[in-house]
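Got a structure for you, written out below as structure tokens; questions coming shortly.
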Amino acid sequence: MKKIIIRKAYFSLTIASLIVGFLATVLGYTLKKITAAMEEHILEHIQHSPILYIMMPSIGITIIYFLRKYLFKGKKNKGIAEIFHTLEHRKDELPLYKIPSHYINGFFTVIFGGSTGIEVSTVVATAAIGASAKRKNSVANTYKTELICAGVAAGITTLFGSPIAGLLFSIEVISRKVTKTILLSTLIAVTVSWIFVHFFDAQPLFNATVFLWNYEALPFMGLLSILAGICAVYFTRSVIFIKTQFSRIENNFIRVNLGALLVGVAIMCLPALYGDSYHSFAIFLAPDHYESLTSGMLYTLLLVILLKPLVASLTLGAGGDGGVFAPSIVTGALLGVLIAVSCNHLLGTHLIILNFAVIGAAAMLSAAIHAPLTALFLACNLVVGGYTLFIPLVIGVFISNYMAKHLCAYNVYTYQRKPEKIFSNSSF
């Protein structure tokens with residue numbers, strides 16, 4: 001009798017995981033595509049009018065503010081913190097409205113220039129799909145974590161084309177434990193997502209190809225990893241500090257517009273900061289762009305590296321919806337470009353710029369979210385031939401993660417604030 005009950009429970013979990021995997025994949029895919037298309041469309045129309053760069057974030061974050069106030073009845077988005085909360089408190093659920101709330105708010109944040117990405121919006125929305133599926137399909141309450149992890153894993157797989165990264169993120173960051181049922185649900189969900197991605201969205205995030213790497217570059221890769229860990233701590237503390245300061249501004253009009261105005265001014269000065277900044281990679285990763293190195297190029301790279309975390313923090317503080325994924329990937333990649341270009345011109349080395357960009361992205365993401373294995377396999381899928389860099393990526397993600405934890409024991413997901421402050425208008 002007991003075996004029959006267990007089989008029925010596993011069968012229910014399998015069916016629910018298939019449904020969650022499919023729905024999360026559709027959500028992630030549509031949000032990814034329409035956001036990229038609209039961001040590109042808006043950029044094409046405002047690039048010759050600098051004043052519009054200042055206005056766009058104000059428009060986007062104001063829309064989000066009124067949507068939250070009237071459409072979602074003033075209910076705030078709390079980012080990944082709300083996933084942790086629902087997992088730690090069995091009676092609390094992720095309500096169904098979290099799906100459209102994060103989907104819509106993440107979309108408007110990025111297309112209007114908010115300097116973050118849709119990754120965390122996708123994670124929370126897909127987690128809400130998993131939580132809703134548990135209720136709709138009458139799956140035992142013990143499988144709540146499994147279905148939330150299934151949704152998250154499928155969402156990450158869809159965004160980055162890496163089922164391993166999706167599975168690992170759900171374990172390293174979301175559940176923080178491994179059980180047979182969690183593995184079963186996430187494996188089913190990422191398989192559904194991977195099949196979809198394979199046939200409909202096989203293009204990597206960045207249109208570039210890695211061919212080889214040299215052992216002579218390892219010391220420089222180690223240096224990059226250490227600096228990426230330091231940058232990740234700088235990002236973590238920037239987010240926490242700025243969100244804390246903005247939470248003290250009681251006037252919603254001032255809070256929203258002050259943050260949006262500062263973001264807009266930064267974008268006007270450096271258009272590469274607009275939205276998720278993925279659109280700027282084609283320029284920064286072009287080898288011929290650095291054939292004749294100028295101080296202007298170095299200053300631009302340095303400014304983007306320093307300002308991207310700050311502008312992302314301002315976006316979140318003002319009420320934008322997003323997280324640390326895209327800013328970490330972009331900042332780490334450009335840090336890698338800066339180190340490779342500087343060493344090539346000043347020390348006469350022959351470091352491969354693309355390799356350092358990929359390693360930098362992985363190292364900083366690993367340090368920012370304290371998830372080295374997720375960052376490792378996600379980075380391998382950022383470019384064609386990414387697994388060629390597997391060894392230096394392994395070294396990079398663990399060095400940077402160690403460095404970040406040595407300097408700062410928490411990240412934006414684990415930082416503990418007072419109960420009245422931990423939930424804000426934006427997401428981590």
Applying side-chain contact (heavy atoms from CB on, under 4.5 Å) to Ala232 and not counting sequence neighbours gives Met364, Ala367, Ala368
By side-chain hydrogen bond (donor to acceptor under 3.5 Å, both in side chains), Thr14 pairs with (sequence neighbours left out) none
Quick one: list whatever passes side-chain contact (heavy atoms from CB on, under 4.5 Å) with Leu302, sequence neighbours left out.
Leu306, Leu338
side-chain hydrogen bond (donor to acceptor under 3.5 Å, both in side chains) contacts touching residues 161-175 (sequence neighbours left out):
Ser162-Asn381, Glu172-Thr374
Under the side-chain hydrogen bond (donor to acceptor under 3.5 Å, both in side chains) test, residues paired with Asn344 that sit two or more places apart:
Thr349
Would you mind writing out the side-chain donor-acceptor pairs for residues 22-32 within the sub-3.5 Å range, not counting sequence neighbours?
{"unit_1": "Thr25", "atom_1": "OG1", "unit_2": "Gly21", "atom_2": "O", "d": "2.6"}
{"unit_1": "Thr25", "atom_1": "OG1", "unit_2": "Ser193", "atom_2": "OG", "d": "3.4"}
{"unit_1": "Thr30", "atom_1": "OG1", "unit_2": "Val26", "atom_2": "O", "d": "2.9"}
{"unit_1": "Thr30", "atom_1": "OG1", "unit_2": "Leu27", "atom_2": "O", "d": "3.0"}
{"unit_1": "Thr30", "atom_1": "OG1", "unit_2": "Tyr103", "atom_2": "OH", "d": "2.8"}
{"unit_1": "Lys32", "atom_1": "NZ", "unit_2": "Leu159", "atom_2": "O", "d": "3.2"}
{"unit_1": "Lys32", "atom_1": "NZ", "unit_2": "Asp201", "atom_2": "OD2", "d": "2.9"}

Selection residues 215-227 - residue pairs positive for side-chain hydrogen bond (donor to acceptor under 3.5 Å, both in side chains), sequence neighbours left out:
none
Does the plane of the ring in Phe200 sit parallel, tilted or perpendicular to the ring in Phe196? Use 30° and 60° as the thresholds.
tilted
Applying side-chain contact (heavy atoms from CB on, under 4.5 Å), can you list everything that pairs with Leu212, at least two apart in sequence or on another chain?
Asn214, Ile352
So side-chain hydrogen bond (donor to acceptor under 3.5 Å, both in side chains) across residues 43-64, not counting sequence neighbours, yields none
List the atom pairs, with distances to 0.1 Å, where a side-chain N or O of residues 261-286 and a protein N or O form a donor-acceptor pair under 3.5 Å, not counting sequence neighbours.
{"unit_1": "Tyr274", "atom_1": "OH", "unit_2": "Ile111", "atom_2": "O", "d": "2.6"}
{"unit_1": "Asp276", "atom_1": "OD1", "unit_2": "Tyr278", "atom_2": "N", "d": "3.0"}
{"unit_1": "Ser277", "atom_1": "OG", "unit_2": "Ala272", "atom_2": "O", "d": "2.6"}
{"unit_1": "Ser277", "atom_1": "OG", "unit_2": "Lys308", "atom_2": "NZ", "d": "2.7"}
{"unit_1": "Tyr278", "atom_1": "OH", "unit_2": "Glu119", "atom_2": "OE2", "d": "2.9"}
{"unit_1": "His279", "atom_1": "NE2", "unit_2": "Tyr274", "atom_2": "O", "d": "2.8"}
{"unit_1": "Ser280", "atom_1": "OG", "unit_2": "Ser277", "atom_2": "O", "d": "2.7"}

Can you run down the salt bridge (charged side-chain N to carboxylate O under 4.0 Å, His left out) pairs that involve residues 145-159, sequence neighbours left out, and say none if there aren't any?
none
Pairs where residues 327-337 contributes a residue and the test salt bridge (charged side-chain N to carboxylate O under 4.0 Å, His left out) is met, not counting sequence neighbours:
none
